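Report on one structure; see the data block that follows.
Every chain is numbered from 1 and lettered A, B, ... according to where its sequence line falls, protein lines coming before strand lines. Everything numeric here is computed off the predicted structure, so don't read it as measured data.
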Amino acid sequence: MSERRYDPKKIEPRWQAVWADERTWEVANEGLGADADGHVLRVGLGSAEANGADRRDDASSYVLEMLPYPSGEPHIGHLKVYSVGDAIAHYHRRLGRRVLHPMGYDSFGLPAENHAIKTGVHPRVSTDASIASFQTQFRSWGISIDWSRELATHEPSYYRWTQWIFLQLLDAGLAYRKEAAVKWCPKDQTVLANEQVTAEGACERCGATVEVRQLEQWFLRITDYAERLLNDLASIDWPEHVKTMQRNWIGRSEGAEVTFRCEDLGIDYPVFTTRPDTLFGATFFVMAPEHPDVLRIVAGTDREQEVRDYVSRAITESGEERSNVEKPKTGVALGRTVVNPVNGLEIPMYVADYVLMEYGTGAIMAVPGHDARDHAFARAYGLPIKRVIEGAPEDGGDDNGLPYLGEGPLIDSDDRFDGLHNREALAAIVAWLQSEGKGHASVNYRLRDWLISRQRYWGCPIPVVYCEQCGAVAVPERDLPVELPDIEDYAPQGRSPLAAAEDWVNTSCPECGGPARRETDTMDTFVDSSWYFLRYCDAANDSAAWDPAALHEWMPVDQYIGGVEHAILHLMYARFLTKALADLGQLEVQEPFRALFTQGMVTKDGAKMSKSRGNVVSPAAIVERYGADTARCYILFIGPPDQDADWSDEGMEGVHRFLGRLWRLAMEVAEEEEEGDATTSGPESLELLRKAHWAIDKVSGDLRRFAFNTAIAAVMELINDCSRLREQAGPDSRRFALTTAASLLFPFAPHLGAEVYERLTGLRVWEQPWPVAEEEMLEQDTYELVCQVNGKLRDRVPASSQAGPDELKELCRAAPNVRAHVDGKQIVKEIVVPGKLVNLVVR
RNA sequence: GCCCGGGUGGACAAACUGGCAAAGUCGGCGGACUUAAAAUCCGCAGCUCGAACGAGCUUACGGGUUCGACUCCCGUCCCGGGCACCA
């Protein structure tokens, strides 16, 4: 009788032990099409097409959730992403595919280091402890992971190959060093990527106001790939809004590069403009405060002090102030001029903080007649404003209706171009510039190169040494990994913590053998996580990052799943690295993730869960109390998984009750003697069988579109019918219905699904093919015909599925409540939707 | 300001392709079982009027297209996320 009670504590460990002992979810590489020597496969540089020509058919599938950052214990967001991914993995397996579903940890990073600074505990110790907790919980959730491929990015066996990849990029000219104005967090004493600075100019992590510093840094040339990163979005099955975000981030704009010459200094200054058609309206020239030439231009002149003051003020100004559009335009004249190449006019040079060093060339031609910012600046400094395109005055413009941002014919420009529509003039002017050698058509991107240097301890060491004789020298491959040394003090005191490890830093030059010092910066952890999906394919390989045959077998990832917060950075970096490695002949695909699903956040009481709010729901506590199947089903049932969802304890209890109902009904059937089909032919038996087939059809469709919430609801309906028809339906039909329910629920509640399925059939559900609904069981002989008059529902009558349009019209006209609304009126139109409704239009 | 989402009963939601608005779940109410409670099972339920048959209203708001709109188009408001002087 105790069997009648649903007890996840008994069921779940049993199956977890089976899956662990039998290594159920491990898949071996088959080494299809392996290049026997393990040599690199050369592939062309083709872009979008290349992905179509990749491996295999539907025989295998690579299902991957974004790897977790191991900090403390897993949270509800982890429960959600792995519940989604596991459901997909199980579904693919039961469609007959070999599924790769691995797990790893993005284990380098700031929180562990900050923890170390505070407590002195080595980051490795706290990270390993956290990983152990993730492992335990993932097993207790019953996630179907191939543990043989487990990896952690902080292990030398992994980061050795991160370093190897860096060397490949360095060799190919895709990694380079440059001094650049970088964002500096005075509290963390470290450089921040632009993306780590909030809109208010504060450090994303600690909130301190960000400053600017000049440092020599390593960059990766992601901008070389801007065009392909943009174009290849067309070849992947990603949510449209994620693609849009990526497109906007890349920020392609077409225009021209035009050279303005400073005769005094004999220097040419190129500018990028999207509006070469307005060149004749350029009345001044502005440089960004960070522009390296600004101070040179004024050196030794009477402008020098004023410019110096302005530049240092602008550079140290917080991002918040500087990025405020409402702020009045400020700037300082440089006391020199440049020549406008189209009309020979000498126009004054300024420095102003509204011009950005990171975009274009760090200098602009200013056209106050046709650009709002230039207009505001010209008004503030009394500079001439010239109209060169005719058009109606703009709202909010000055007395002359300027700035005018619309289109129209050119005026006051040049005989050759006046009168041309500005779009034609644009092309004509660019062509002329080109022929004169003063400019050319050009494309500019908002995307910037990827700064990967971090003055941090807990990261992957950059495998480079600096030799007095030879300069920066790559560490030879045979000397990898460059292992992270242990140190005493993790706090970055204006230099990398690694600089303190003197024994480690001092080394010899691999080229000349002379004294050399190691690079003490570590890599951005986004580098670690930009290739882990490749490593999974051949995780145990210790003679190479991977065997190309392994990548051939599994890449690209068929379904990638993760939070939308990674829509830009992580996904862009991973795409970039994939393309770069493909160009280097290391892999065959151009895109790492064929399909992407982004899941929404889980909130509690409408707010993001956080310790400070005290609204954190712990997965471990939930699993302990209700079992993993309840937790997993509830997180999927709560709503569409791509949307944010609010956690409710009561809602979860409802799901738990549902699983208990399924359990009890199944145990009842299991205890019955198996009998013949004497009682299965009754109408209720047939009804239940039909419902089961309906559920198969519904759940299958819902799984294909990630609608786990409605899939689970469909199984609930099936169980409700099992319960309702418990007395009337025959044992065979009930057995079929409950077996089906267990089978359909297995991807969401694997333990319960396996247990019930086994008790009812003696078989292992994951070895059974996904059920297929029988067509004839989905078809109904009759249905309720909806009868509308003027689009309003007036009646419902039973109709035969075979009935033709005329018959249906007749049925509708004859329906009692229809007649009440039609009598005395004229039917002007009859709309028939067979299988659904008839609409009579009356007057 | 720009870009991307979203707004449906008391709550979470469903309606996938323009065809019965509200499946399923929570909460609520009523009943069965019980000495009682819990658990479990059965039933009711958008709002208004009505004893009932039914009628009217209802998917943020205002228009439009259509025989028919939660769904498509135009405009407005509100909420969430991202970006922000990008030349």
Side-chain angles (χ1 to χ4, degrees), chain A residues 4-5 195 199 239-245 247-249 251 253 255 271-275 278 286 319 322-327 329 352-356 358-367 370-374 376-377 444-447 564-565 567-568 600-601 603 606 634 637-640 642-655 657-658 660-661 664 698 701-702 704-705 707 709-717 719-720 723-724 726 784-796 816-817 820 828-833 835-842:
Chain A
R4 288 290 180 88
R5 212 184 109 242
E195 300 83 28
E240 208 44 52
H241 69 273
V242 174
K243 290 190 189 183
T244 303
M245 283 193 263
R247 282 190 196 104
N248 293 345
W249 189 260
S253 48
V271 303
F272 174 77
T273 177
T274 53
R275 296 295 305 276
T278 63
V286 191
R322 191 165 162 189
S323 68
N324 183 354
V325 188
E326 302 300 317
K327 195 187 72 155
K329 294 281 177 284
D353 64 5
Y354 79 94
V355 174
L356 308 175
E358 313 84 69
Y359 189 77
T361 62
I364 62 156
M365 66 172 203
V367 184
H370 302 280
D371 181 278
R373 295 153 299 173
D374 297 344
F377 190 86
N444 200 50
Y445 301 92
R446 207 192 73 113
L447 185 71
V564 73
E565 65 272 18
I568 295 178
M601 211 171 43
T603 58
Y634 174 62
F637 179 68
I638 191 170
D642 56 323
Q643 306 282 10
D644 290 351
D646 204 58
W647 181 275
S648 130
D649 290 338
E650 295 77 25
M652 188 181 50
E653 303 226 16
V655 169
R657 277 199 285 271
F658 153 66
R661 246 151 87 87
R664 279 190 305 278
K698 172 79 176 147
D702 285 351
R704 270 178 250 124
R705 60 188 184 102
N709 53 334
T710 51
I712 291 168
V715 181
M716 285 175 173
E717 283 194 54
I719 291 305
N720 287 346
S723 178
R724 185 171 58 85
R726 201 160 57 112
E784 278 207 324
L785 180 71
V786 167
C787 304
Q788 296 182 332
V789 178
N790 286 347
K792 279 194 173 24
L793 174 72
R794 291 305 176 190
D795 216 335
R796 284 179 254 248
N817 206 37
V828 293
K829 202 168 178 183
E830 293 171 315
I831 312 279
V832 181
V833 183
K836 288 232 160 74
L837 58 78
V838 174
N839 184 17
L840 305 180
V841 185
V842 301

May I have the distance from [X] (atom [atom1]) to [N] (atom [atom2]), rounded to whole angstrom?
{"X": "A:Glu830", "N": "B:C67", "atom1": "CD", "atom2": "P", "answer": "15 Å"}
{"X": "A:Arg724", "N": "B:C42", "atom1": "CZ", "atom2": "P", "answer": "10 Å"}
{"X": "A:Arg247", "N": "B:C4", "atom1": "CZ", "atom2": "P", "answer": "11 Å"}
{"X": "A:Arg657", "N": "B:U25", "atom1": "CZ", "atom2": "P", "answer": "10 Å"}
{"X": "A:Asp646", "N": "B:U25", "atom1": "CG", "atom2": "P", "answer": "20 Å"}
{"X": "A:Tyr634", "N": "B:A13", "atom1": "OH", "atom2": "P", "answer": "10 Å"}
{"X": "A:Arg446", "N": "B:G82", "atom1": "CZ", "atom2": "C1'", "answer": "10 Å"}

Looking across every strand, which nucleic acid part, if any, lies under 4.0 Å from [X] by heavy atom: base, sugar-phosphate, or nothing?
{"X": "A:Met716", "result": "sugar-phosphate"}
{"X": "A:Ile831", "result": "base"}
{"X": "A:Asn817", "result": "sugar-phosphate"}
{"X": "A:Asp374", "result": "nothing"}

Working to the nearest 0.5 angstrom, can you tell me the gap between A:Asp795 CG and A:Leu785 CG? 9.5 Å

Roughly how far apart, to the nearest Å, are B:A21 and B:A45 at atom C1'? 16 Å

Before accepting this row, confirm whether a basic side-chain N of the pair A:Glu717/A:Arg724 lies closer than 4.0 Å to the acidic partner's carboxylate O. no

Please, what dot-bracket string fits RNA chain B when only Watson-Crick and G-U pairs with both distances under 3.5 Å count, crossing ones use [ ] and pairs to another strand use |? (((((((..(((......[....))).(((((.......))))).((((....))))..(((((..]....))))))))))))....

Both A:Leu837 and A:Gln643 contact RNA chain B. Taking the nearest nucleotide for each, which residue is further toward the 5' end? A:Gln643

Donor-acceptor contact present, side-chain [X] to main-chain [Y], <3.5 Å:
{"X": "A:Tyr634", "Y": "A:Trp647", "answer": "no"}
{"X": "A:Ser723", "Y": "A:Ile719", "answer": "no"}
{"X": "A:Asn790", "Y": "A:Val842", "answer": "yes"}

Is it true that A:Arg446 and A:Asn248 share a donor-acceptor pair across their side chains at a distance under 3.5 Å? no

